[in-house]
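Remarks on the structure that follows.
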Amino acid sequence: MNKKKYGFLGNIPLLIVEVCVLFIAIGIMAAVITMTKQVNHRDIDEEKIQINDEVAKKKTTEVEKAPVKEEKKEVSYRNIALFGVDARNGELGKGTRSDTIIIASINQDTQEIKLISVFRDTYLNLGNDAYNKCNSAYAQGGPEQAINMLNMNLDLDITDYVTIGFSGLIDAVDALGGIEIEITDAEITHLNNYQLCMAQELGVDYTPVEKSGRQLLNGMQATAYCRIRYTRGDDFRRAERQRQVLAAMMEKAGGSSVSTLTDMVSAVLPQVETSLDVNEILSVLGSVASYRMTTSDGFPFEGGRAGANVGSKGSCVIPVDLEENVRQLHEMLYPGVSYAPSGQVQEISEEIKGQTGEYLQ
């Protein structure tokens, strides 16, 4: 064969590959540009974020023992606040109570994620030395005050957040093709009742869940499942359901194609407000398959909480000893670390005991 004559034709397969790569690159660039326009980014006023001096003085990395040798290694962690709001008018900021408050703690070395729900009725300092149900912090001062509430009461150093309305969750689950959840007989009626309410508010149809057992839920069904609080376990079980849905979404996303993940992000971003920038969002999207959830729990912890009607503030979850709950929280988030809560947490703990003691008798 005359190589000179057929040289150009011989390179056609390579040319096709190069063209395909070019089109893929253009597609990715277009997706990035589209997502950039969709992101409802909100810069946090750093001057408004309060981090306790005792917490700030500590290293930004915690220390944990290596699994084999009795050596110590530095591990980098990042905590992000996740807020879910019942925003029927699309408003995601101040003036809306946060039905869901979750601390997502990420081990940036192993990409392990721990999800800790802070029960919305927990009686805490709202970040301004007023005490009430912690979900009212978001309503009073938006994400900044809600972050301050978490930092002040829990000795954390959170500076970033993600807020989503229930419509965003519906679209995200649908974009993933649904998620698998175990449904009990006791949950079916409540799940469908919540679906009916949301369908009426959104002006859409819904598909009732008709049987118990593990099954594929669509976005409306999964969101309704998150909102159930009338079965055994009340709001504690409700918070657990929310973490279950997040875990199921992470698992489904880990096995999804890039196009599916892009569709999910495109669907949900217009209904999300966050302090994270596009590059951070894309970084997470690119490594989502590597993330795995290792811990799921609720704060205050079982055995360290009690329920009581606190006067005009209504039914609250009381951290009977906030100091001990915070110690347990840190030792859960950062294994191998013996933690002593700050003086500020000790003061808040005593104040909560003083304000709620008579209601717990």
Side-chain angles (χ1 to χ4, degrees), residues 35-36 38-52 55-56 60 76-87 90-108 113-120 122 124-128 133-169 171-172 226 239 242-243 245-246 249-250 264-265 268-285 288 291 293 296 298-299 329 333:
M35 285 190 287
T36 301
Q38 291 178 325
V39 173
N40 188 6
H41 176 79
R42 182 173 182 272
D43 287 322
I44 284 285
D45 186 345
E46 294 184 3
E47 294 183 357
K48 292 183 179 180
I49 298 301
Q50 302 171 21
I51 298 176
N52 185 283
V55 175
T60 55
S76 179
Y77 293 93
R78 183 180 188 185
N79 297 320
I80 298 175
L82 308 180
F83 302 113
V85 297
D86 189 359
E91 178 57 49
L92 301 176
K94 180 178 176 181
T96 306
R97 285 190 179 243
S98 49
D99 281 349
T100 303
I101 304 172
I102 295 177
I103 300 163
S105 183
I106 305 169
N107 182 321
Q108 298 187 109
I113 297 178
K114 298 177 182 179
L115 298 179
I116 307 296
S117 299
V118 178
F119 301 118
R120 64 179 189 173
T122 305
L124 294 173
N125 188 315
L126 298 184
N128 56 3
K133 296 178 181 182
C134 66
N135 70 336
S136 58
Y138 197 101
Q140 290 183 13
E144 285 96 348
Q145 185 170 334
I147 290 172
N148 285 336
M149 177 272 296
L150 294 173
N151 287 344
M152 177 179 287
N153 291 277
L154 308 184
D155 271 356
L156 295 175
D157 58 355
I158 298 172
T159 57
D160 285 303
Y161 77 98
V162 177
T163 296
I164 184 171
F166 68 71
S167 294
L169 181 59
D171 291 344
C226 281
Q242 294 165 357
R243 299 193 302 274
V245 166
L246 284 179
M249 291 176 68
M250 287 171 56
M264 182 195 72
V265 173
V268 74
L269 281 184
Q271 302 170 79
V272 168
E273 180 179 281
T274 180
S275 60
L276 301 175
D277 61 32
V278 175
N279 290 332
E280 290 175 300
I281 295 172
L282 292 176
S283 175
V284 171
L285 182 63
V288 68
Y291 288 107
M293 194 179 80
S296 173
F299 183 97
L329 172 66
L333 295 181

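Just so it is clear, the model here is predicted, and its values are computed rather than measured.
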If you round to the nearest 0.5 Å, how far is CG of Leu154 from CE of Met149? 7.5 Å

Rounded to the nearest 0.5 Å, the OG atom of Ser296 sits from the CD1 atom of Ile113 at a distance of 12.0 Å

Between the side chain of Asn148 and the main-chain N/O of Lys48, is any donor-acceptor distance below 3.5 Å? yes

On a heavy-atom basis, which atom in Ile116 and which in Phe299 lie closest, and how many Å separate them? CG2-CB, 4.0 Å

Under the side-chain contact (heavy atoms from CB on, under 4.5 Å) rule, what do Leu156 and Val55 come out as? Steps first, then yes or no, please. CA-CA 7 Å; Leu156 295 175; Val55 175; over 6 Å; no

For a quick test of reading the model, state the closest non-hydrogen atom pair linking Met249 to Ala172 and the distance between them. CE-CB, 3.8 Å

Considering only heavy atoms from C-beta outward, does the side chain of Ile101 approach that of Leu150 to under 4.5 Å? yes

How long is the straight-line distance from CD1 of Ile164 back to CZ of Phe83, given to the nearest 0.5 Å? 13.5 Å

Do Tyr161 and Glu273 pair up side chain to side chain, a donor and an acceptor below 3.5 Å, judged on atom types alone? yes

Do you know which two heavy atoms are closest between Ala239 and Phe119, and how far apart they sit? CB-CE2, 3.6 Å

Which atom of Val162 lies closest to which atom of Val272, heavy atoms considered: CG1-CG1, 3.7 Å

Rounded to the nearest 0.5 angstrom, the CG-OG distance for Asn107 and Ser76 is 8.0 Å

Which heavy-atom pair separates Glu144 from Asp43 by the least distance, and what is that distance? OE2-O, 4.5 Å

With a 4.5 Å cut-off on side-chain heavy atoms, are Ile103 and Val118 touching? yes

Student check: side-chain heavy atoms of Leu82 and Leu246 closer than 4.5 Å: yes

Closest heavy-atom pair, Cys134 versus Leu126, reported as atoms and distance to 0.1 Å, is CA-CD2, 3.9 Å

Inter-residue atom distance Ile102.CD1 - Arg243.CZ, 0.5 Å rounding: 7.0 Å

Output the distance between atom CD1 (Ile80) and atom CG (Leu276), rounded to the nearest 0.5 Å. 5.0 Å

Contacts of Asp160 meeting salt bridge (Lys or Arg N to Asp or Glu O under 4.0 Å) (sequence neighbours excluded), chain-then-number -> Arg78

Min side-chain heavy-atom separation Thr159-Ile44 under 4.5 Å: no

Exam field: side chain Asn151 to backbone Ile158, donor-acceptor pair closer than 3.5 Å: yes

Please determine whether side-chain contact (heavy atoms from CB on, under 4.5 Å) holds for the pair Leu333 and Tyr77, giving the CA-CA distance in whole Å, both sets of side-chain angles, and the decisive distance to 0.1 Å. CA-CA 9 Å; Leu333 295 181; Tyr77 293 93; over 6 Å; no

Pairwise side-chain contact, Asn52 with Met152, heavy-atom cut-off 4.5 Å (strictly under): no

